[in-house]
Number of protein chains: 2
Amino acid sequence: MHAEEPIRPVRAKRLPRAVRERQILDAAVAVFSRLGFHAASMDEISEVAGISKPMLYAYLGSKEDLFATCIRREATLMIEAIGDGVRPGEAPDVQLWCGLRAFFGFVGEHRASWQVLHRQASSQGGPFAQELADMRGRAISLVAALLMHSADSQGVGHASRDTEGLAAALVGAGESLADWWLDHPEESAAAVASRLMNLVWMGFGDLVEGRVWHPPAKG
Amino acid sequence: MHAEEPIRPVRAKRLPRAVRERQILDAAVAVFSRLGFHAASMDEISEVAGISKPMLYAYLGSKEDLFATCIRREATLMIEAIGDGVRPGEAPDVQLWCGLRAFFGFVGEHRASWQVLHRQASSQGGPFAQELADMRGRAISLVAALLMHSADSQGVGHASRDTEGLAAALVGAGESLADWWLDHPEESAAAVASRLMNLVWMGFGDLVEGRVWHPPAKG
DNA sequence: CCAGTTACCTACTGGTCAGTAAGACTACTG
DNA sequence: CAGTAGTCTTACTGACCAGTAGGTAACTGG
């Protein structure tokens, strides 16, 4: 019998770099989302990734580098998901509806991603917050453009500053509603999206009188 | 000349316990809001408070105890501020308006408090999140009750579940708009409150057609 | 089968930080 | 003025953690 049998269980060995990097990033997102940047330890991330710490450093650099890479990857995924969901030619309310549905769909299927992006990154001071602020800024501009166009087509000459602020409020509402949804997961993504759509398009004033918004019949 | 002159500058000495505890809590809120729970060190808090570390432990207990105490104090202040602002007898929209104005007024005058309450506490796993979730729950119930009453008086039989969700969305919108405001402080509290009021009461659908909500003339 | 490269490890260092031990100073009380 | 209760300090410990040194095993091309 062999005396030098390895003690630890089979751990996939000698995988190509690209695969390991993916594993590491997946593990890092999971741990960061659960513990936050500071409380997460590189030891735990390497353990979850099934790899030793020096590999982690060799592939992804310092802890801050790793966190920034996580943020960039998840943000890119999310922006793509929303971009795929939206339909440029439609009426403003339908476009907004599609965007919201895509957003909540993404959050529902990538909870850890969302927590890293929103909850964790926004409470770290460094370059992360900047990165996130940029992404949020793009979302706000997008919504603002939508509203501007909508207002123009109605011949209303609102100040653009006002529209910008409303867009920021809507984006904020979406972010917080997503957070809330994580703690009340009994609803579908479409139901949550519909809720926000009604709130921001119709307003309470209409809703309490029974006027609601619903998507065009084609779904 | 005296050889034993103390080196460090005058540091208020031998204050009664109650005063010191206030100083410590003020310092803790400032440091926690700037750095977050994990990155904040007890050494820094004690230094900002103008006191040595063992005093901090003697008076406020462990780091977690201290953080929880901060949260409770700031949350109580905020709830009181909103309670003082609201006017129970008025119409639903006016009540909502008063509540929003009080909320944004508090955030504007206690930025550090708000950051501790919302940004920091919500991203820590421990008992803090629970404490915060309770506070948020109370706010949501309050708004939900307001909307229910409003809907009832219109004779509309909405499901109460739906109202609860809308209230959660509104509270979330308020929280995120407050965060946004911290990064865009060029507006007054009333302006920000008015922005959210218009969004949630009128909705984009009305706003783009030029219909806006404004407070009753008395201000 | 040998040389170079890539994947991977164990075991450490240096620094930071929560929490504490042990006692010093001050003010009040009798 | 002795005693005591409350305020306050310096100086430490033990744990944890980011990052590294230095070495081993496996593939790859000749």
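In what follows, every chain begins at residue 1, and chains take the letters A, B, ... in the order their sequences are listed.
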Rounded to whole Å, the CD-P distance (B:E44 to C:dC17) equals 9 Å
Taken to the nearest whole Å, CD/A:E47 to P/C:dT10 is 12 Å
field: D:dG6 phosphate, OP1 or OP2, under 4.0 Å from B:Y59 side-chain N/O
entry: no
Q: Using only side-chain N and O atoms of A:R17, determine if any of them is under 4.0 Å from OP1 or OP2 of C:dC8.
A: no
Practice prompt. Kindly say if B:R20 contacts the phosphate of D:dC8, meaning a side-chain N or O under 4.0 Å from OP1 or OP2.
Written response: yes
Practice prompt. With heavy atoms under 4.0 Å as the rule, sort A:M42 into base, sugar-phosphate or nothing.
Written response: sugar-phosphate
Between B:K53 and A:S41, the residue closer to the 5' end of DNA chain D by nearest nucleotide is B:K53
(Q) Between B:S113 and B:E74, is there a side-chain donor-acceptor contact under 3.5 Å, judged purely by atom types and distance? (A) yes
> Is A:R111 positioned over the aromatic face of A:W181, cation under 6.0 angstrom from the ring centre and no more than 45 degrees off axis?
Replying inline: yes
Rounded to whole Å, NZ of A:K63 lies from C1' of C:dT16 at a distance of 13 Å
Between CG of A:L56 and C1' of D:dT20 the distance, given in whole Å, is 14 Å
Review point. Taking 4.0 angstrom as the limit, do B:D134 and B:R138 come out as a salt bridge?
Key: no
B:D43 has its side chain closest, among C:dT10, C:dC17, D:dT9, to C:dC17
Rounded to whole Å, OH of B:Y57 lies from C1' of D:dG6 at a distance of 21 Å
A:L60 atom CG is separated from D:dA18 atom C1', nearest whole Å, by 15 Å
In whole angstroms, the gap separating P of D:dT9 from CD1 of B:I51 amounts to 6 Å
Between NE2 of A:H38 and P of C:dC17 the distance, given in whole Å, is 9 Å
Classify the ring geometry between A:F37 and A:F67 as parallel (under 30°), tilted (30 to 60°) or perpendicular (over 60°). tilted
Between A:R73 and A:E21 (salt bridge meaning N to carboxylate O under 4.0 Å), is one present in this structure? no
